[in-house]
Amino acid sequence: MNKTNAVNVEKKHVIRIIIAAVVILALLVAVNIVVDGKLLTMTNFKILVASATPPTLVAWGFCIIFTGNITDLSPGAVVILAATVSGILGNQFGVPAMVVGGLAAGMGCMFLNFAIYRITKVPPWIAGLGMTMVYEAVIGYYASVCSAKGQKVVTLTGSTRMLGMEPWIYVMLVLGFVIAYLLYNYTSFGIGFRAVGDNENVARVMGIKIDKTLMLGGLAAGFFFGFAGFVKEGYAGFVNAQSGLASLSTVFQPMAAVLLAMALSNYINVIVAVPISTFLIILIFNILTLLGVPSGTFQETLLGLIVICFAVLAQRRVKGVVK
């Protein structure tokens, strides 16, 4: 009987996914007609996938953090710092140094963040905001030095941008997916980290080394933030410095993607759901742009509403206070 119920539930999930896909496709066809066929083109699709790649990488990092029951909003500043470091090294030593520098910066920042959480016992969201200001200050100081010399912070040109351009940016997306999927689903770290996030005390009784597992989680999240940093630097050519916690605004899109992915995790694997969610969000803003809605206040307001709605969907079955 239980097996029959499980099969019925699975069938309902499949039916819901099919219905949702049909509805979305119908809406896209309708919008495509309204915008004179500019939406459903291969050129537009490739642009959407490329622009979705950096936030998808950030979202996978957030997925790891949230799995550990940790709230940290510093990744926006971490990505910008990683992008800056990768740009400096890329211009001087080439693409390999750019990759290593970006990953090292991302992993180093998140390792420091997690060390502060565990040593000081300061709530992660508070410590994360503090470290956001620290990382922004570092980037701001470097930007002021460059400005005094009449230079931009970092500008990539030529072959150093290859990882952010076609076709390599698609390779980066696939590579990121493979790493995230295997790390999250098929490693002892991924299983242990999820166990710590579910219940730290139970995980300790199970023999999981809490501090070691959490520090590894910080390194794993930092890997994806650093990954996003050098890909974003290659895609945009330069990343502006931020100050006054302005970098927080850069994480809302990946956060919305993760929250939607968590809501979809009852139907598909959360790692698979992340790029789907990110693409859908990017697609929404692309549609708004094609419809003539200017970027700025309205689109940012919509993004805020999307974050709230997806958070409600993701936490609808959670009882009590959500961290």
Side-chain angles (χ1 to χ4, degrees), residues 50-51 53-62 65 72-116 127-165 168-169 172-173 176 218-255:
S51 61
T53 297
T56 297
L57 294 169
V58 176
W60 277 321
F62 263 121
I65 291 177
D72 184 347
L73 298 179
S74 68
V78 173
V79 171
I80 294 173
L81 179 60
T84 302
V85 171
S86 65
I88 294 171
L89 295 177
N91 282 333
Q92 293 185 2
F93 304 108
V95 174
M98 177 179 174
V99 172
V100 172
L103 294 178
M107 295 172 73
C109 288
M110 293 309 297
F111 183 85
L112 178 60
N113 283 16
F114 274 63
I116 291 174
L129 288 176
M131 295 310 296
T132 297
M133 291 186 283
V134 171
Y135 300 142
E136 286 183 348
V138 171
I139 304 167
Y141 175 75
Y142 179 73
S144 65
V145 172
C146 292
S147 179
K149 297 179 181 179
Q151 303 172 349
K152 287 186 176 180
V153 180
V154 180
T155 302
L156 287 180
T157 57
S159 61
T160 53
R161 294 189 59 186
M162 61 178 289
L163 297 182
M165 309 298 288
W168 285 103
I169 192 167
M172 294 298 101
L173 179 61
L219 287 173
F223 172 86
F224 285 101
F225 298 143
F227 199 158
F230 71 74
V231 171
K232 186 172 184 177
E233 183 74 15
Y235 179 71
F238 67 93
V239 176
N240 290 322
Q242 304 280 356
S243 61
L245 298 178
S247 62
L248 293 179
S249 63
T250 65
V251 302
F252 289 153
Q253 197 174 81
M255 280 183 62

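Screening residues 72-113 for ring-ring contact (aromatic ring centres under 6.0 Å, His included) gives no qualifying pairs among residues at least two apart or on separate chains.
Residue Ile116 comes nearest to Ala127 through the heavy atom pair CG2-CB, 4.1 Å, listed as atom of the first residue, atom of the second, then distance. Considering every non-hydrogen atom in both Ala105 and Ala82, the closest pair reads CB-CA, 3.8 Å. Across all their heavy atoms, Phe225 and Met110 have their closest contact at CD1-CG, 3.7 Å. Residues Val95 and Leu163 come closest through the heavy atom pair CG1-CD1, 3.7 Å. Shortest non-hydrogen contact noted between Gly176 and Leu57 is CA-CD2, 4.1 Å. When every heavy atom of Ser247 is checked against every heavy atom of Thr250, the shortest pair comes out as O-OG1, 2.5 Å.
Remark: Gln92 CD to Thr160 OG1 distance equals 12.0 Å, nearest 0.5 Å. Here the straight-line distance linking atom CZ of Phe224 with atom CG of Leu103 works out to 10.0 Å at 0.5 Å rounding. Rounding to the nearest 0.5 Å gives a distance of 5.0 Å between CG of Asp72 and CG of Asn113. We find the CG-OH distance between Leu81 and Tyr142 to be 11.5 Å, quoted to the nearest 0.5 Å. To the nearest 0.5 Å, atom OH of residue Tyr235 and atom OG1 of residue Thr53 are 8.5 Å apart. Distance CD/Glu233 to OG/Ser86: 5.0 Å, rounded to 0.5 Å.
No side-chain heavy atom of Ile169 sits under 4.5 Å from any side-chain heavy atom of Leu173. Side-chain contact check for Thr132 versus Leu245: some heavy-atom pair is nearer than 4.5 Å.
A donor-acceptor pair under 3.5 Å is absent between the side-chain atoms of Glu136 and the main chain of Ala77, judged by distance alone. Here the side chain of Tyr135 pairs a donor or acceptor atom with the backbone of Cys109 at under 3.5 angstrom.
Judged as a side chain to side chain contact (heavy atoms under 4.5 Å, CB included), and not counting sequence neighbours, Ala104 has no contacts.
Looking at Val58, Leu73, Leu248 one by one, the single match for side-chain contact (heavy atoms from CB on, under 4.5 Å) with Met255 turns out to be Leu73.
Relative orientation of the Phe227 and Phe223 rings is perpendicular, given thresholds of 30° and 60° on the angle between their planes.
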